[in-house]
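Data first, discussion second: the structure below is written as structure tokens.
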Amino acid sequence: MRLNILIGGKAGQGINKISAIISNALSKQGYFTFNYRDYQSLIRGGHNFNVLSISDQWIASHESKIDGLVALDELTLKLHKLELKPAGFIITQKGFEDLGRNLNVALSGALIKILGLDKKILLQEVKTQLGDEAAKAIEKGYNSQKTKFSLKKLNNNITIMSGGQAVSQGAINSNIDRHIAYPMTPATGVLHELSRMQLKNDNLVVFQPESEIAAANIALGVSFAGKRVMVGTSGGGFDLMSETLSLQGMSEIPLVVYLASRPGPGTGVPTYTSQADLDIALRAGHGEFPRIVVAPGDPIEAIENTNECFYLSEKFGALSIILSDKHLAESEFSLNKQANKPLRVDVKRKLPGKTIVKTSSYEHDIFGCTAEDTKIINQGVQRRLKKYEDIKKEVQKFQMTKLYGKKNSKNLIFAWGSTKGAILDAIKDLDCKFLQVLYLKPLSSEIKKEIQKAKNVILIENNVTGQLGRLIREKTGIKIPNRILKYDARPFRSDELKIQIKKMLK
Amino acid sequence: MTATKQKLSTKYPITWCPGCPNNLILESVKTTLSKLIDSGKYKHQDFAMVTGIGCHAKIFDYLNLSGIYGLHGRVLPTCLGLKIGNPDLSVIGFAGDGDAYAEGIAHFIHAGRYNADFTYVVHDNQSFSLTTGQATPTSQQGYKNKSQIFGVVDMPLNSIKLALATGVNFIARAFAYDTKHTAEMLERAIKHRGFSFVEIIQPCLIFNLDMNNLNKLFYKIPVNKDKAKAEKLAEEWNYNTKEGKIPIGVIYEAPSSTLKEKYFRKSASLKK
Ligand SMILES: Cc1ncc(C[n+]2csc(CCOP(=O)(O)OP(=O)(O)O)c2C)c(N)n1
């Protein structure tokens, strides 16, 4: 069973409220949801919409054809009518014009009725959270419709989480002490979430400085002083940090970076999605130094990978980058399982205040003093090289790749990050397997093995040049000729992707 | 040399030019720190320093203190990070005028506002010396250098005025050759609660020689706590001329709440 409901209107009309109310009610009923948020870079007006996808099984994508259209304005109707399936339903603001701000809750009520959900729990919640007027609006919406579906109660225990909330949770699980960030969509969600979490975590301090350059250097100072720290940013801000990433490489001060991409170059398409920043995650910063780049594909992985990054950075004095994007960061997923037990992140380094410890952006000797002598330079270079070898060994204990689908199929799909959800939903009954690459640096040796076993390899990425494909070619010498690339700043929709994959299967 | 001064020194060979006043600044820093440590109120291991990149920054290798030899222009955020990480560290940042007023000026404007409790020492030699003498924002008009063969055409930046305008609550100026006075300024700055800014006028013996013979212009002022007076004092020298008088001393000092009080109010755990 699968339904897709598109809820659209102007920014400020409260479409997120509707999807939140409905997904909340649905998860209580035991249904899985996935909420895609499509919004423009403006605060009021324009055209925004969410696609709320609903299923009795775990899903992590939305589809292009919709079963229901909830239109808070005329434009939504005009723009999305053609996406409606023949038997699809439409709810508009007609009849609710007098409700003002409560239009969104009224439409939620209408939707609840159509889906055949119990309104009692909802009514109670709305009453306490939004007051009596809103409760009346729900009632009015509810009574305006007939039930079309009857979503019987299922026995699933579901919580809802965005990728950004998951990164924040992973940081909290790692006992993060400081988050330093300058606002930039789509990384801002974590800044807001962690800021809120200060209320419950006394040792957490969130600081927003004057720029990303400041943020990165502050973070190194914080970390050197012995605290667990993460910076968060997106493409342009990450570019500004790159000199400091290089300083990290030389000074070996632990640093975790949350990089949530959006389409570039330049300011690009700020509130939309893209996987075009793998290259900079892998390479930003001059000189040669080790790093870890991990790209989670869903919130559970985001929780776990974030914790792994804190662990690895602290253990090795290394740079870890959690690579996400708008689609993962801001879409809302249903979780049906628990994340692994977090690894402890203990600071066991020498710290200022306890002893004398020096580190430097210059090549330096064991005391931290500047060195230009070839012997010490060689030692420094070798130490950094060896560190990467040690990291490579350590990450073996994590899931660097994951294999899904028909394990002995000759068709093999490669992808990373936020495309995971759409791919899993697309291949449910196709003859193929899917290797998800979580660790992009170091890269798993499984990749080459799987490619060699397969007859037909397909690369799926949300960018125009196939950056994972290039990385695999660099590491294995193997070129992946079949590629499904999407670069219109929108994520894959699983029904369309399924058709594309089918065409390429052998 | 006292025992404490010895402990504050490293064995690292000094690579400043012979006679460079950076040596004197190093000496003043050691004098101040050893006095503070010997007083029993400060512990050697509680000090941490951050340096930029330039001749001045070599002080990192010569001082036996914890710290980060950071990036050009990024002394302030790195110091701020140390304080946000551990508010109990006594942090000193050393920057050049290129570091402080060119590459890193964006951070300087916010330092007074944040008012984190650390000391920022700018070695102002009115030149980018380590990169062989190009002009900085405090170089005087007419200064001919390798990248401006016709000489500097822009008016210099008055860093003291800028500090006053951006709410810095401790501003002092010192002259590198007067080590006793410099040490006193450093001591006052370190003891000040909140962000403290000390600009040390430091002739470069190789580049921008025109600004070398200012000695006669300096005069000492008593600690000033009056903002209007501070503004007048800041106006007395514009970094451009070799005329008039150049006040050295505490140009402005006022009490204020520090970053620690503002940000860590809620948390007792940080005080450990
Ligand atoms: C980002 C960056 N840009 C440029 C440089 C090159 N550089 C090294 S030292 C220096 C100038 C230093 O001048 P100043 O800060 O005044 O220090 P001084 O050498 O005069 O003590 C420059 C530009 C650098 N290291 N980093």
Side-chain angles (χ1 to χ4, degrees), chain A residues 177-180 198-199 201-207 209-229 231 240 243-248 250-253 255 347 350-365 367-372, chain B residues 7 10-13 15 43-53 57-58 60-91 93 103-104 106-107 109-111 113-114 116 259 263-264 266-270:
Chain A
D177 299 297
R178 307 286 184 267
H179 181 57
I180 317 288
Q198 287 178 109
L199 294 170
N201 295 274
D202 217 23
N203 67 320
L204 175 63
V205 175
V206 175
F207 187 77
E210 66 273 18
S211 69
E212 287 87 351
I213 297 181
N217 287 285
I218 289 171
L220 284 187
V222 165
S223 179
F224 183 72
K227 295 295 193 292
R228 287 155 292 224
V229 63
V231 297
L240 288 176
E243 189 191 16
T244 314
L245 303 186
S246 180
L247 166 60
Q248 187 294 317
M250 183 56 89
S251 64
E252 307 185 54
I253 303 169
L255 181 65
V347 180
K350 282 196 192 167
L351 297 179
K354 301 232 159 67
T355 179
I356 290 170
V357 45
K358 292 161 88 91
T359 188
S360 179
S361 68
Y362 278 95
E363 193 68 76
H364 49 276
D365 61 19
F367 305 108
C369 290
T370 310
E372 291 174 332
Chain B
K7 277 191 205 144
T10 66
K11 295 202 182 74
Y12 200 85
T15 62
K43 287 200 213 93
H44 186 167
Q45 71 266 25
D46 284 344
F47 282 100
M49 66 176 153
V50 174
T51 61
I53 299 295
K58 288 167 179 275
F60 185 88
D61 291 331
Y62 312 142
L63 272 176
N64 185 32
L65 292 183
S66 287
I68 306 175
Y69 203 149
L71 294 175
H72 182 54
R74 311 303 164 201
V75 172
L76 285 174
T78 315
C79 287
L80 182 58
L82 286 172
K83 291 300 287 188
I84 293 177
N86 181 355
D88 296 332
L89 292 174
S90 299
V91 175
E103 193 81 77
H107 309 302
I109 290 168
H110 301 279
R113 221 161 52 81
Y114 299 151
L259 180 117
Y263 279 83
F264 302 135
K266 66 190 172 88
S267 172
S269 59
L270 275 160

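Letters go in sequence order (proteins before strands), and every chain restarts at 1. Below, all heavy atoms of this structure are taken into account, side chains as well, without hydrogens, waters or symmetry copies. All values derive from a computational prediction rather than experimental measurement.
- Contact record, A/V357 with B/S66: N-OG, 2.9 Å, taken as the closest heavy-atom pair.
- The candidate with the highest count of non-hydrogen atom pairs below 4.5 Å against chain B, out of A/T355, A/I356, A/D365, is A/I356.
- Across all non-hydrogen atoms, the minimal contact from B/Y114 to A/E210 is OH-OE1, 2.6 Å.
- Between the CZ atom of A/R178 and the CD1 atom of B/I84 there is a distance of 8.0 Å, given to the nearest 0.5 Å.
- For B/Y12, the part sitting under 4.5 Å from any heavy atom of chain A is the side chain, from C-beta outward, and nothing else.
- Across A/S361 and B/I53, no two heavy atoms sit closer than the pair OG-CD1, 3.6 Å.
- Take B/E103 and apply the salt bridge (charged side-chain N to carboxylate O under 4.0 Å, His left out) test, not counting sequence neighbours, and it matches B/R74.
- The residue among B/L80, B/I68, B/D46 with the most heavy atom pairs within less than 4.5 Å of chain A is B/I68.
- Among all heavy-atom pairs drawn from A/G368 and B/D61, the shortest one is O-OD1, 4.2 Å.
- Contact between B/G67 and A/F224 at its shortest, heavy atoms only, is O-CZ, 3.5 Å.
- Here B/N64 is the residue among B/T10, B/N64, B/I109 with the most heavy-atom pairs under 4.5 Å with chain A.
- Neither the backbone nor the side chain of B/L76 comes within contact range of chain A, judged by heavy atoms closer than 4.5 Å.
- Atoms CG and CE, on B/L71 and A/M250 in that order, are 11.5 Å from each other to the nearest 0.5 Å.
- For A/T244, the parts sitting under 4.5 Å from any heavy atom of chain B are the backbone and the side chain alike.
- Per-residue counts of heavy-atom pairs under 4.5 Å with chain B were compared for A/L247, A/L351, A/D177; the largest is that of A/L247.
- To the nearest 0.5 angstrom, A/C369 atom SG is 7.0 Å from B/F60 atom CZ.
- For chain A, the nearby part of B/L65 is the backbone; its heavy atoms alone come within less than 4.5 Å.
- Closest of all the heavy-atom pairs between B/H107 and A/S211 is CE1-OG, 4.1 Å.
- A search for salt bridge (charged side-chain N to carboxylate O under 4.0 Å, His left out) contacts involving A/E252 returns A/R383, A/K387, not counting sequence neighbours.
- Checking side-chain atoms of A/K358 against main-chain N and O of B/L63 turns up a donor-acceptor pair under 3.5 Å.
- Proximity to chain B (any heavy atom under 4.5 Å) is shown, for A/A214, by both the backbone and the side chain.
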